[in-house]
Amino acid sequence: MSIVFLDSGESILTATWKQALVFSCLLVFSVTGMALSFALYHRNYPPIKTKEPGILTIAFFGGFLWWVGSAKSFMLLNINQEIDSSQCLLFVFWFQVGGLQILLSAFTFRFLRLFYVVVLGRDPRGWQFYTTMLLSFLPTFAGALNAYTGNSFIFVGPGPNYCDTFIGIRMAVFVWVAIVMFGLTYLNHQLRGIQRAFNQYTDNLTILALCALLLALTVVFTLLDFPTHIPGVIALTLTQLVAINLIIWFFFGKVLVGLFFEPEEYLRRWQAELRNHVVLPSESTHRKPTV
């Protein structure tokens with residue numbers, strides 16, 4: 001299996017910008033992935049621990065799958081020269097929808113767990129918590145059941161290397177995402193009281209703003225049929241790239257710089273700032289990272 005950037009009837013110039021765009025996007029994802037790996041390695045460093053790097057790594061993985069599925073279904077990344085419905089099902093449903101499900105579920109887990117602990121004062125490991133998480137997967141389960149019972153809503157077209165879905169299905173996905181976003185916005189509103197302690201409210205608000213912007217642009221591009229045109233492909237692909245990576249860098253950028261260059265001094269300043277709002281149970285130390 002080889003990666004092909006040139007469709008039938010496509011100019012060498014068009015194939016060249018496709019190749020440059022894909023490799024540039026993969027480079028950005030690689031840099032962000034290395035930064036996340038560095039954060040996971042030092043996950044016990046208090047300023048990083050409060051950012052929950054494990055959950056954000058899962059969200060980043062889901063976002064990357066989503067981007068790969070979009071790149072394939074928008075003819076940006078072609079595997080083999082022609083595709084069939086099974087490949088469209090793989091990239092459109094399991095990569096795009098599945099990746100989006102992982103991304104949203106990671107954020108739902110983060111928001112809901114904070115809500116249980118901070119607002120309700122309950123252990124988030126109860127059956128109610130996990131039942132709510134399972135319910136968030138129902139649309140994806142229903143889509144998978146429908147796709148594998150012979151009523152596939154994903155097909156090849158309008159070109160030989162383009163995957164498409166019925167407009168009603170796409171709008172149903174957008175409505176589902178909007179409902180999840182509304183629920184997360186409500187949870188975050190309930191968490192506004194912890195803003196001055198660990199900045200969780202501000203962090204979550206940034207996630208919601210970026211996701212809402214991405215959803216709005218995707219709906220507009222879809223309704224205008226932009227993904228079938230080169231400008232639309234570029235705009236939608238870069239929008240997804242920027243939003244997914246910006247979320248990670250917003251959370252970890254400042255902390256990683258402090259950890260990399262002056263870990264003890266950054267930790268001292270972080271604890272001093274935190275003492276103005278909460279009482280730390282104990283002082284903690286962290287070894288200087290090996291770089």
Does atom CZ (Phe182) have a neighbourhood of more than 12 heavy atoms from anything else shown, all under 6.0 Å? no

Decide side chain to side chain contact (heavy atoms under 4.5 Å, CB included) for Met181 and Leu208; before the verdict, give the C-alpha distance in whole Å, the side-chain angles of both, and the deciding distance to 0.1 Å. CA-CA 7 Å; Met181 293 287 297; Leu208 291 171; 4.0 Å; yes

Do the rings of Phe115 and Tyr186 sit parallel, tilted or perpendicular, given the 30° and 60° boundaries? tilted

According to a hydrophobic-cluster definition based on side-chain heavy atoms being under 4.5 Å apart (Ile, Leu, Val, Met, Phe, Trp, Tyr only), do Ile48 and Leu40 belong together? no

For Leu210 against Ala243, the heavy-atom pair lying closest together: CD1-O, 4.2 Å

Nearest 0.5 Å, please: how far is CH2 in Trp176 from CD in Gln101? 4.0 Å

Straight-line distance of Asn245 CG to Phe250 CZ, nearest 0.5 Å: 15.0 Å

Group every Ile, Leu, Val, Met, Phe, Trp and Tyr by side-chain heavy-atom contacts under 4.5 Å, then state whether Phe137 and Ile179 land in the same group. no

Just verifying a value: how many Å separate Leu256 CG and Lys51 NZ, rounded to the nearest 0.5 Å? 10.5 Å

Test item: Thr32 side-chain N/O and Phe29 main-chain N/O as donor-acceptor pair under 3.5 Å: no

For a quick test of reading the model, state the closest non-hydrogen atom pair linking Met133 to Ser105 and the distance between them. CE-O, 3.6 Å

Can you check side chain to side chain contact (heavy atoms under 4.5 Å, CB included) on Val255 and Tyr266, steps first, answer last? CA-CA 8 Å; Val255 178; Tyr266 182 83; 3.5 Å; yes

Would you indicate whether Phe129, at its atom CZ, is surrounded by more than 12 heavy atoms from other residues, nucleotides or ligands within a distance under 6.0 Å? yes

Closest heavy-atom pair and its distance - Gln96, Trp66: O-CD1, 3.5 Å

Kindly work out whether a path of hydrophobic side-chain contacts (I/L/V/M/F/W/Y, heavy atoms less than 4.5 Å apart) joins Leu134 to Leu187. no

What pairs with Thr108 under side-chain hydrogen bond (donor to acceptor under 3.5 Å, both in side chains), at least two apart in sequence or on another chain? none

Run Leu26 and Trp67 through side chain to side chain contact (heavy atoms under 4.5 Å, CB included) and show every step you take. CA-CA 10 Å; Leu26 291 178; Trp67 180 86; 3.9 Å; yes

For Pro46 versus Trp270, what's the shortest heavy-atom pair and its separation? CB-CZ3, 3.6 Å

Of all heavy-atom pairs linking Ala106 and Ile58, the shortest is CB-CG2, 4.2 Å

Linking I/L/V/M/F/W/Y whenever their side-chain heavy atoms sit closer than 4.5 Å, directly or via other members, would Leu246 and Leu21 fall into one cluster? yes

Can you measure from CG (Leu36) to CD1 (Ile248) and round to the nearest 0.5 angstrom? 5.0 Å

Could you tell me whether the side chain of Tyr116 and the main chain of Phe111 form a donor-acceptor pair under 3.5 Å? no

Hey, is Arg269 close enough to Glu262 for a salt bridge, meaning N to O under 4.0 Å? yes

If we ignore hydrogens and angles and just use 3.5 Å, is the side chain of Arg110 paired with the main-chain N or O of Phe107 as donor and acceptor? no

Within a strict 4.5 Å, meaning less than it, do heavy atoms of the Phe38 and Phe260 side chains meet? yes

Do Leu241 and Ser24 have side chains that approach each other closer than 4.5 Å (heavy atoms only, starting at C-beta)? no

Are Leu213 and Val175 linked, directly or through other ILVMFWY residues, by side chains that come within less than 4.5 angstrom of each other? no

Of all the heavy-atom pairs spanning Tyr45 and Leu267, show the shortest one and how long it is. OH-N, 3.4 Å

I would like to know whether Ile244 and Phe60 meet side chain to side chain contact (heavy atoms under 4.5 Å, CB included); could you show each step before the answer? CA-CA 7 Å; Ile244 294 167; Phe60 176 73; 4.1 Å; yes

